[in-house]
Amino acid sequence: MSEYRIQFNRPSIAGAELENVREAIEGGHTAGDGPFTRRCCEMLESWTGTERALLTTSCTHALEMCALLLRLEPGDEVIVPSFAFVTTAGAFALHGAKPIFADIHPDTLNLDERTLRESVTSRTKAIVALHYGGISCEMDELQAISSEAGATLIEDNAHGLLASYKGKPLGSFGRVATQSFHETKNFSCGEGGALLLNDVDWIERAEIIREKGTDRSRFLRGQVDKYTWVDLGSSYLPSEILAAFLYGQFQARETLQARRFEIWGNYQRELSGWAARNGVELPTVPEHVEHACHLFYLILPSLDARTRLIEHLGRSGILAVFHYQPLHLSTMGQQFGGRAGQCPVTERVSDCLVRLPLFSDLTSEEQADIIDVVQSFQV
Ligand SMILES: Cc1ncc(COP(=O)(O)O)c(C=O)c1O
């Protein structure tokens with residue numbers, strides 16, 4: 001049994017997930033690209049306005065598909081925030097790119113346009129915008145910088161499904177965008193993801209890459225009478241069992257999101273006085289942004305205070321966690337030229353940030369308990 005009364009995350013059944021899984025199995029189609037996959041993709045297309053959504057086995061795999069779509073050549077560089085998940089950079093490095101690490105804004109924790117501009121070279125092939133916590137990057141500026149650099153803009157939208165920037169959905173700004181349906185995300189099937197294609201010219205190749213390098217999708221549409229190996233690719237499509245589960249979560253979109261908004265709002269309201277008295281920063285949501293309520297974090301004034309708060313919560317049986325380690329200081333990041341002091345905001349935030357439990361099944365009593373324990377902590 002866990003030593004924690006309140007876990008950091010708890011998977012939940014929001015509605016028809018299990019009935020959908022049964023229907024998929026009884027319908028005799030459990031491999032990929034059956035009716036539930038199609039329904040999930042149609043929902044993603046209608047929510048984001050993307051030309052074409054493809055379900056994938058993870059966001060990491062969707063990022064790898066982006067790397068393959070880019071046709072990377074030796075020497076190509078891909079700029080990523082250093083405050084990011086490993087595969088936001090690793091997926092491109094795996095396919096031959098050199099990741100270049102840029103720093104973040106201290107308030108939104110998203111790519112800082114100034115350090116981004118300084119990172120652009122004639123070798124810049126792509127820029128990856130990660131909307132941290134589902135709070136949008138400054139997309140007007142990122143689009144301008146990418147087009148001046150002649151680079152492809154990619155959105156790592158793992159956190160930001162249903163969020164928007166100036167009224168336009170996240171996932172619709174990059175040439176491509178990626179989503180995650182990992183256990184901790186707003187909508188989940190355990191492990192899963194999606195690729196959103198906003199450029200029709202990339203759709204057919206993306207289908208081929210996802211289907212082991214074959215033109216099976218064309219075959220299934222009756223466009224060719226047999227399918228064969230036509231390009232490089234791998235196996236990036238999830239089974240119908242996962243798609244059926246995910247569709248159940250999508251059907252419960254309003255309930256799931258409403259509960260996350262409530263929890264996020266409670267943290268914000270109840271902890272703001274305590275935070276101001278203790279020099280703790282809470283998330284910043286710019287006015288022109290609608291966010292996804294993906295996560296709630298606190299930035300403590302020091303590493304020592306962060307460690308003590310995690311221990312303080314742990315003694316009360318509450319699991320709170322830190323987040324990304326700076327990629328430029330990781331073992332691999334240093335092999336790509338990362339060095340201490342390169343991204344000072346990332347280094348500070350990474351030491352000082354703590355995430356509180358936020359999942360749709362968190363009860364009001366559990367949240368009140370977490371808030372009380374945080375408020376009893378003196379920095
Ligand atoms: C920003 C970001 N991108 C990508 C990923 C990878 O997602 P997945 O686990 O679906 O591969 C994560 C995982 O949490 C993430 O936070």
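Numbering of ligands and ligand atoms starts at 1, following listing order. Values in this document were obtained by computation on a predicted structure and should not be read as measured data.
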**Student:** Under a 4.0 angstrom heavy-atom cut-off, which atoms of ligand 1 come close to Thr88?
**Tutor:**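 Those atoms are 3 (N).
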**Student:** Numbering the atoms of ligand 1 from 1, which are under 4.0 Å from a heavy atom of Thr60?
**Tutor:** 6 (C), 8 (P), 11 (O)
**Student:** Closer than 4.0 Å to some heavy atom of Ser58 - which atoms of ligand 1 meet that?
**Tutor:**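 Those atoms are 10 (O), 11 (O).
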**Student:** Using a 6.0 Å cut-off, check whether atom OH of Tyr227 has over 12 heavy atoms from anything other than its own residue.
**Tutor:** no
**Student:** Report the C-alpha distance between Ser82 and Thr346 in whole Å, list the side-chain angles of each, state the deciding distance to 0.1 Å, and finish with yes or no for side-chain hydrogen bond (donor to acceptor under 3.5 Å, both in side chains).
**Tutor:** CA-CA 7 Å; Ser82 176; Thr346 298; 4.6 Å; no
**Student:** Flag the pair Tyr132 / His323 as yes when their ring centroid distance falls below 6.0 Å, and as no otherwise.
**Tutor:**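 Yes; His323 has its ring centre under 6.0 Å from that of Tyr132.
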**Student:** Taking atom CZ as the centre, does Phe322 end up with more than 12 heavy-atom neighbours from other residues, nucleotides or ligands that are less than 6.0 angstrom away?
**Tutor:** no
**Student:** Looking at Glu254, I want to see if its CD is surrounded by more than 12 non-hydrogen atoms of other residues, nucleotides or ligands under 6.0 Å.
**Tutor:**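 At most 12 heavy atoms, drawn from other residues, nucleotides or ligands, come within 6.0 Å of this atom.
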**Student:** Please confirm whether Gly192 approaches ligand 1 to less than 4.0 Å, judged on its heavy atoms.
**Tutor:** yes
**Student:** If the cut-off is 4.0 Å to any non-hydrogen atom of His159, which atoms of ligand 1 fall inside it?
**Tutor:** 1 (C), 15 (C), 16 (O)
**Student:** Aromatic contact between Phe250 and Phe36, with the criterion being ring centroids under 6.0 Å apart: yes or no?
**Tutor:** no
**Student:** Applying a heavy-atom cut-off of 4.0 Å, say which part of Asp156 lies close to ligand 1: side chain, backbone, both or neither.
**Tutor:**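 Side chain only.
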**Student:** Flag His182 as yes when one of its N or O atoms lies below 3.5 Å from any N or O atom of ligand 1, and as no otherwise.
**Tutor:** no
**Student:** So, for Leu44 and Ala53, which heavy atoms are closest and what is the spacing to 0.1 Å?
**Tutor:** CB-CB, 3.7 Å
**Student:** Looking at non-hydrogen atoms alone, which of His131, His294, Lys185, His323 comes nearest to atom 13 (C) of ligand 1?
**Tutor:** Lys185
**Student:** Only heavy atoms count here, so choose which of Phe181, Tyr132, Phe85 is nearest to atom 12 (C) of ligand 1.
**Tutor:** Phe85
**Student:** Is it the case that atom CZ in Arg5 sees more than 12 heavy atoms from other parts of the structure closer than 6.0 Å?
**Tutor:**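 Atom CZ in Arg5 is crowded, with more than 12 foreign heavy atoms closer than 6.0 Å.
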**Student:** Pull out every atom of ligand 1 sitting under 4.0 Å from any heavy atom of Leu130, numbered as shown with elements.
**Tutor:** 1 (C)
**Student:** Other residues, nucleotides and ligands only: do more than 12 of their heavy atoms fall within 6.0 Å of CZ on Arg10?
**Tutor:** yes
**Student:** At a 4.0 Å threshold, what atoms of ligand 1 neighbour a non-hydrogen atom of Cys59?
**Tutor:**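 Counting from 1, the qualifying ligand atoms are 4 (C), 6 (C), 7 (O), 8 (P), 10 (O), 11 (O).
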**Student:** As an exercise, identify every atom of ligand 1 less than 4.0 angstrom from a heavy atom of Tyr324.
**Tutor:**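 Reading through ligand 1 atom by atom, the close ones are 1 (C), 2 (C), 15 (C), 16 (O).
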**Student:** Applying a heavy-atom cut-off of 4.0 Å, say which part of Ala158 lies close to ligand 1: side chain, backbone, both or neither.
**Tutor:** side chain
**Student:** Tell me, yes or no, whether the heavy-atom count around Gln257 atom CD, taken from other residues, nucleotides or ligands under 6.0 Å, exceeds 12.
**Tutor:**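 Atom CD in Gln257 is packed in, count exceeds 12.
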**Student:** Please identify which atoms of ligand 1 are closer than 4.0 Å to at least one heavy atom of Ser180.
**Tutor:** 7 (O), 8 (P), 10 (O)
**Student:** Please check whether Thr87 reaches ligand 1 - meaning an N/O of the residue sits under 3.5 Å from an N/O of the ligand, judged on distance alone.
**Tutor:** no
**Student:** With backbone taken as N, CA, C and O and side chain as the heavy atoms from C-beta onward, which portion of Phe83 lies under 4.0 Å from ligand 1: side chain, backbone, both, or neither?
**Tutor:**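 None of Phe83 does.
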